[in-house]
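See below for the structure under consideration.
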Amino acid sequence: MFKEFAKGLSITLKHLLPGHSTTVDYPKQKLTMSPRFRGLHRLVPTQTREKCVACYLCPTVCPAKCITVESAENEKGEKYPKVYKIDLLRCIFCGYCVEACPVEAIEMSDKYELANYKREDFIFDKERLLK
């Protein structure tokens, strides 16, 4: 009995030593996300406009139906998303929209600090997604 107690106490003391901590002093120290992490969505811009061609594949494959796209054409006859919104309160961050995009116009970034006070702040429009 004493042998098991001493063994458990030694394990506890070993984890109390500096360098064995698994927690992070969060606001001051941030974690580095893995490359496969799915954080906030991001629309990929080109030099003149966004890369999206408004093909409606991302709202079609979205299981949470949180993406809204309305298309329009510019003077060159190219389709672009006149309205592109993502409701993050409904999004499940599955990444299907990224996989379905034929032109790689949307990607998942490594941003994970998404807290807000108002529900309206969780609806990301095209301008916010391009930042």
Side-chain angles (χ1 to χ4, degrees):
M1 171 127 173
F2 180 74
K3 185 178 175 184
E4 290 84 15
F5 175 74
K7 185 177 179 183
L9 188 61
S10 69
I11 291 172
T12 302
L13 291 175
K14 187 174 94 180
H15 285 281
L16 288 177
L17 294 174
H20 291 278
S21 176
T22 56
T23 57
V24 176
D25 191 13
Y26 168 63
K28 297 174 186 168
Q29 183 183 3
K30 308 240 174 168
L31 293 172
T32 56
M33 294 292 115
S34 103
R36 298 181 64 193
F37 178 75
R38 293 186 217 141
L40 181 64
H41 303 75
R42 179 178 171 269
L43 281 177
V44 178
T46 61
Q47 290 180 351
T48 57
R49 62 181 189 99
E50 64 277 351
K51 202 172 177 182
C52 179
V53 293
C55 65
Y56 293 98
L57 279 177
C58 49
T60 303
V61 298
C62 180
K65 303 294 180 202
C66 65
I67 301 175
T68 305
V69 178
E70 292 179 19
S71 68
E73 285 190 17
N74 62 11
E75 60 278 353
K76 296 177 185 175
E78 299 169 337
K79 283 179 67 177
Y80 71 95
K82 183 175 151 188
V83 174
Y84 196 100
K85 289 183 185 174
I86 296 179
D87 186 358
L88 288 185
L89 293 176
R90 298 183 67 187
C91 182
I92 57 173
F93 296 92
C94 62
Y96 286 170
C97 54
V98 175
E99 292 179 21
C101 185
V103 293
E104 297 177 353
I106 187 167
E107 62 185 17
M108 306 293 266
S109 67
D110 60 349
K111 293 181 183 175
Y112 59 89
E113 294 171 321
L114 305 173
N116 277 312
Y117 290 104
K118 293 185 271 181
R119 297 183 70 84
E120 299 84 34
D121 293 337
F122 287 100
I123 297 174
F124 281 70
D125 59 354
K126 186 170 75 172
E127 287 74 27
R128 283 181 76 187
L129 291 169
L130 282 169
K131 290 181 184 175

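Keep in mind the model is a prediction, meaning the values are calculated, not measured. For this chain, numbers begin at 1 and follow the sequence in order. In what follows, every heavy atom counts, from backbone to side chain, and hydrogens, waters and symmetry copies are set aside.
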**Study point:** Sidechain N-carboxylate O distance under 4.0 Å for Glu73, Lys79
**Key:**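 Looking at Glu73 and Lys79, the cut-off is not met.
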Looking at every non-hydrogen atom in both residues, tell me the closest pair between [X] and [Y] and how far apart they are.
X	Y	result
Ala72	Lys82	CB-CB, 3.9 Å
Lys85	Ile123	CD-CG2, 4.2 Å
Tyr80	Arg49	CB-NH1, 3.3 Å
Glu107	Val98	CA-CG2, 3.9 Å
Asp110	Met33	O-CG, 3.8 Å
Arg90	Cys66	CB-CB, 3.8 Å

Should we count [atom1] of [X] as having more than 12 external heavy atoms under 6.0 Å?
X	atom1	result
Tyr56	OH	yes
Lys111	NZ	no
Glu104	CD	no
Tyr26	OH	yes
Lys126	NZ	yes

Point to revise | Residues Phe93, Met108; criterion side-chain contact (heavy atoms from CB on, under 4.5 Å); working and verdict | key: CA-CA 9 Å; Phe93 296 92; Met108 306 293 266; 3.9 Å; yes
Output the distance between atom [atom1] ([X]) and atom [atom2] ([Y]), rounded to the nearest 0.5 Å.
X	Y	atom1	atom2	answer
Ile106	Cys101	CD1	SG	7.0 Å
Ile92	Arg38	CD1	CZ	9.0 Å
Ser71	Tyr84	OG	OH	13.0 Å
Ser109	His41	OG	NE2	9.0 Å

Report whether [X] and [Y] are members of the same hydrophobic cluster (ILVMFWY, side-chain heavy atoms less than 4.5 Å apart, transitive linking).
X	Y	answer
Leu17	Leu9	no
Leu88	Leu43	yes
Ile67	Leu57	no
Phe5	Leu13	yes

Say whether, by atom type as modelled, one donor and one acceptor occur between the side chain of [X] and the main chain of [Y] under 3.5 angstrom.
X	Y	value
Asp25	Gln29	no
Arg42	Ala105	no
Glu4	Met1	yes
Asp87	Leu89	yes

Point to revise | Residues that Phe122 engages under ring-ring contact (aromatic ring centres under 6.0 Å, His included), provided they are two or more places apart | key: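 Scan of Phe122 (ring-ring contact (aromatic ring centres under 6.0 Å, His included), adjacent residues dropped) gives none.
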Practice item. Could you check whether the rings of Phe37 and Tyr112 sit parallel, tilted or perpendicular, using 30° and 60° as the cut-offs? Key: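 Ring orientation of Phe37 relative to Tyr112: perpendicular.
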Exercise for review: Check step by step if side-chain contact (heavy atoms from CB on, under 4.5 Å) holds for Glu50 and Leu130.
Suggested key: CA-CA 8 Å; Glu50 64 277 351; Leu130 282 169; 3.8 Å; yes
**Study point:** Val69 vs Cys58, side-chain contact (heavy atoms from CB on, under 4.5 Å): CA-CA, chis, key distance, verdict
**Key:** CA-CA 9 Å; Val69 178; Cys58 49; 4.3 Å; yes
Check your understanding: Given Ile86 and Leu129, is the side-chain contact (heavy atoms from CB on, under 4.5 Å) satisfied, shown in steps?
Key -> CA-CA 9 Å; Ile86 296 179; Leu129 291 169; 3.9 Å; yes
